[in-house]
J.: 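What follows is a structure written as structure tokens; I'll ask about it next.
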Amino acid sequence: MGKGRADIFPTNFVARDDLLYYIDFECNDYMEEWDFEHWGVRYWSRTQEFLDYAAEHERKKSENGT
């Protein structure tokens, strides 16, 4: 069995009833460039890249009325 990878982007997680659930709809082989250390840390560490993404996401939600 080959190594797989979890897509750790924050939108793939749902918090409910004091539990954190992981939900993803695809399965990919492991690639170092997409692991936490090389990619995920940018979206879980309050970096400028994460803040920019969050602001853009909120802007789009406002435009769509959702």
Side-chain angles (χ1 to χ4, degrees):
M1 177 181 261
K3 281 180 148 182
R5 75 167 177 86
D7 185 349
I8 55 175
F9 197 69
T11 58
N12 288 338
F13 293 84
V14 175
R16 185 173 186 152
D17 299 327
D18 295 325
L19 294 173
L20 185 63
Y21 295 91
Y22 174 73
I23 302 170
D24 196 7
F25 300 97
E26 58 185 49
C27 186
N28 296 297
D29 290 335
Y30 174 80
M31 294 172 51
E32 186 174 285
E33 67 186 284
W34 296 110
D35 67 10
F36 181 78
E37 204 172 338
H38 295 97
W39 180 84
V41 70
R42 290 182 277 175
Y43 293 100
W44 286 91
S45 301
R46 198 169 176 87
T47 61
Q48 189 59 49
E49 190 168 4
F50 171 77
L51 296 172
D52 292 345
Y53 171 83
E56 178 68 13
H57 182 71
E58 284 301 312
R59 184 186 65 77
K60 286 180 180 179
K61 279 177 49 178
S62 295
E63 288 175 358
N64 294 329
T66 58

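The structure displayed is predicted, hence computed values, not measured ones.
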J.: I'd like to check the side chain to side chain donor-acceptor pair (under 3.5 Å) partners of Asn12; sequence neighbours left out, ordered by chain and number.
T.: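 Partners of Asn12 by the side chain to side chain donor-acceptor pair (under 3.5 Å) criterion, ordered by chain and then number, come out as Asp7.
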J.: Determine, using the 4.5 Å side-chain heavy-atom cutoff (strictly less than), whether Trp44 and Tyr21 are members of one ILVMFWY cluster.
T.: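 In one cluster: no.
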J.: What's the spacing between Leu20 CG and Arg16 CZ if we round to 0.5 Å?
T.: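 Leu20 atom CG to Arg16 atom CZ measures 13.5 Å (nearest 0.5 Å).
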J.: Quick one: which residue pairs count as a salt bridge (charged side-chain N to carboxylate O under 4.0 Å, His left out) with a foot in residues 45-55, not counting sequence neighbours?
T.: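 Matches after skipping sequence neighbours: Arg42-Glu49.
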J.: I'd like to check Phe50 versus Ser45 (side-chain heavy atoms, cut-off strictly below 4.5 Å). Are they in contact?
T.: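 No, every pair of side-chain atoms sits at 4.5 Å or beyond.
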J.: Please verify the inter-ring angle class for Tyr53 with Phe9; under 30° counts as parallel, over 60° as perpendicular, anything in between as tilted.
T.: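 The arrangement is perpendicular - the two ring planes meet at more than 60°.
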J.: Could you pull out the closest heavy-atom pair between Val14 and Ile23, with the gap in Å?
T.: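 For Val14 and Ile23, the tightest heavy-atom pair comes out as CG2-CD1, 3.8 Å.
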J.: Please give me the minimum heavy-atom distance between Glu32 and His38, naming the atom from each residue.
T.: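 What the structure gives for the nearest pair is O-ND1, 3.2 Å.
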J.: Quick check: are there more than 12 heavy atoms from other residues, nucleotides or ligands sitting under 6.0 Å from CD of Glu37?
T.: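 No.
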J.: Check Lys60 with Glu63, please: is the shortest side-chain N to carboxylate O separation under 4.0 Å?
T.: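 Lys60 and Glu63: not salt-bridged.
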J.: Does Arg59 have more than 12 heavy atoms from other residues, nucleotides or ligands lying within 6.0 Å of its CZ?
T.: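 More than 12 heavy atoms, drawn from other residues, nucleotides or ligands, come within 6.0 Å of this atom.
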